[in-house]
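These notes are about the structure you will find just below.
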Amino acid sequence: VVINVDDVNEITAEPEVVKTPKTLSGTSRPIAVMIDNHIDAMPQAGLEQADIVYELRVEGGETRLMLILQDNKDLKKIGPVRSSRHDFLDYALENDAIYVHFGWSPQAESDIKTLGVNNINGITESSSSFWRTKSKSSPHNVITSTEKILKIAERKGYETTSKKESVLNYVTDDVKLEDGQDATSVTIPHSNLQTVKYVYDEENQVYKRYARNKAQTDWDTGDNITT
């Protein structure tokens, strides 16, 4: 919390409290990981713990996810990890993130090399760093962890701290809107194949995510993915 001395009320001497962003406000460098969102990849691991999740449409009406993690969260399982698409690179770069993927499209490969993106391509790493689980079918079964990602980043000589300010300055504290409009559900029609819906849970004050007409859940806990 930051208190601006110039904003102190002269009568009550009560300072105006300015809430500072909490999302991506630390000094550890973010990690961006491409996550498979095919029906055979569900449920996924790492989405609920992510600071930010981007979702973009890819081939055939499918969508792919990219999660952003900061503060070196110790996640033992992240995935399933999928290949890079060039559309996501802007979002990885604006967060100054180390970009993690398993393979790439020709356009993504070209752009990563041209832009000099600090990236980790799991296909070129050992099977102890990016491994396949038997509980899902290939290619929807590649897993990694933050520990493995950070060890590879160190080996490649990538910076693991960052002073770059986040483009998206979120305040994660509760905000009470005086004249807001009810938004008990939000629907995002990415395609005929993939429509995402967020339904408000008033008791817990979160939105639960639904995809392909069912609740999207965490791989390990079975809990709803929320935002």
Side-chain angles (χ1 to χ4, degrees), residues 1-8 14-35 37 44-57 63-75 78 81 84-101 104 107-108 110-121 144-177 180 183 186 188 196 198 205-207 209 225-227:
V1 175
V2 175
I3 296 176
N4 188 341
V5 177
D6 295 330
D7 292 330
V8 174
E14 293 180 357
E16 178 181 326
V17 177
V18 180
K19 293 181 178 179
T20 55
K22 291 184 178 179
T23 303
L24 302 188
S25 59
T27 57
S28 63
R29 190 176 182 189
I31 298 168
V33 187
M34 295 296 297
I35 300 294
N37 202 37
Q44 301 102 321
L47 297 179
E48 187 65 9
Q49 295 80 19
D51 294 289
I52 301 174
V53 178
Y54 294 88
E55 180 170 21
L56 298 177
R57 182 173 170 174
T63 63
R64 194 154 293 180
L65 307 172
M66 184 180 75
L67 60 81
I68 304 287
L69 295 166
Q70 200 192 31
D71 294 331
N72 297 337
K73 293 182 175 71
D74 185 19
L75 302 188
I78 302 173
V81 185
S84 171
R85 293 295 181 271
H86 69 279
D87 313 70
F88 288 88
L89 296 178
D90 284 341
Y91 305 109
L93 289 169
E94 74 180 17
N95 288 290
D96 193 28
I98 297 170
Y99 183 58
V100 182
H101 52 101
W104 43 24
Q107 183 67 57
S110 174
D111 288 352
I112 286 172
K113 292 177 178 178
T114 299
L115 297 171
V117 179
N118 285 176
N119 78 105
I120 295 174
N121 186 354
T144 189
S145 69
T146 50
E147 179 185 12
K148 299 296 186 181
I149 291 170
L150 291 172
K151 283 184 177 180
I152 295 170
E154 183 179 0
R155 189 194 77 219
K156 286 178 170 288
Y158 295 158
E159 293 288 342
T160 54
T161 60
S162 176
K163 294 182 180 179
K164 183 174 181 179
E165 293 185 6
S166 175
V167 173
L168 302 175
N169 293 320
Y170 293 121
V171 174
T172 56
D173 295 323
D174 291 339
V175 176
K176 298 293 184 181
L177 299 177
V186 178
I188 306 174
V196 173
Y198 292 91
Q205 296 186 332
V206 295
Y207 283 90
R209 177 183 165 96
I225 300 298
T226 62
T227 186

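In this text, all values refer to a predicted model and were calculated from it rather than measured experimentally. Residue numbers start at 1 and run along the sequence shown.
Here the closest non-hydrogen pair linking Ala32 and Ile68 is CB-CD1, 3.6 Å. The two residues Trp104 and Arg85 have their closest heavy-atom pair at C-NH1, 4.5 Å. For the residue pair Glu159 and Ile98, the shortest heavy atom distance occurs at O-CD1, 3.8 Å. When all heavy atoms of Thr146 and Asp74 are compared, the pair lying nearest together is OG1-CA, 3.4 Å. Pro30 approaches Asn95 most closely through the heavy-atom pair CG-O, 3.3 Å. The two residues Arg64 and Phe88 make their nearest non-hydrogen contact at O-CZ, 3.3 Å.
Listed by chain and residue number, Glu48, Val206, Lys208, Asn224 satisfy the side chain to side chain contact (heavy atoms under 4.5 Å, CB included) test with Thr226 (two or more places apart in sequence, or in another chain). In this structure Lys156 satisfies the side chain to side chain contact (heavy atoms under 4.5 Å, CB included) test together with Ile120, Glu125, Ile152, Tyr158, sequence neighbours excluded.
Residues Thr227 and Tyr198 have side chains that never bring a donor and an acceptor to within less than 3.5 angstrom of each other.
Remark: Gln49 CD to Ile225 CD1 distance equals 7.5 Å, nearest 0.5 Å. Here CG of Leu56 is found 5.5 Å from OH of Tyr91. Values are rounded to the nearest 0.5 Å.
Between Arg57 and Asp87 there is no salt bridge, since no side-chain N of the basic residue sits under 4.0 Å from a carboxylate O of the acidic one.
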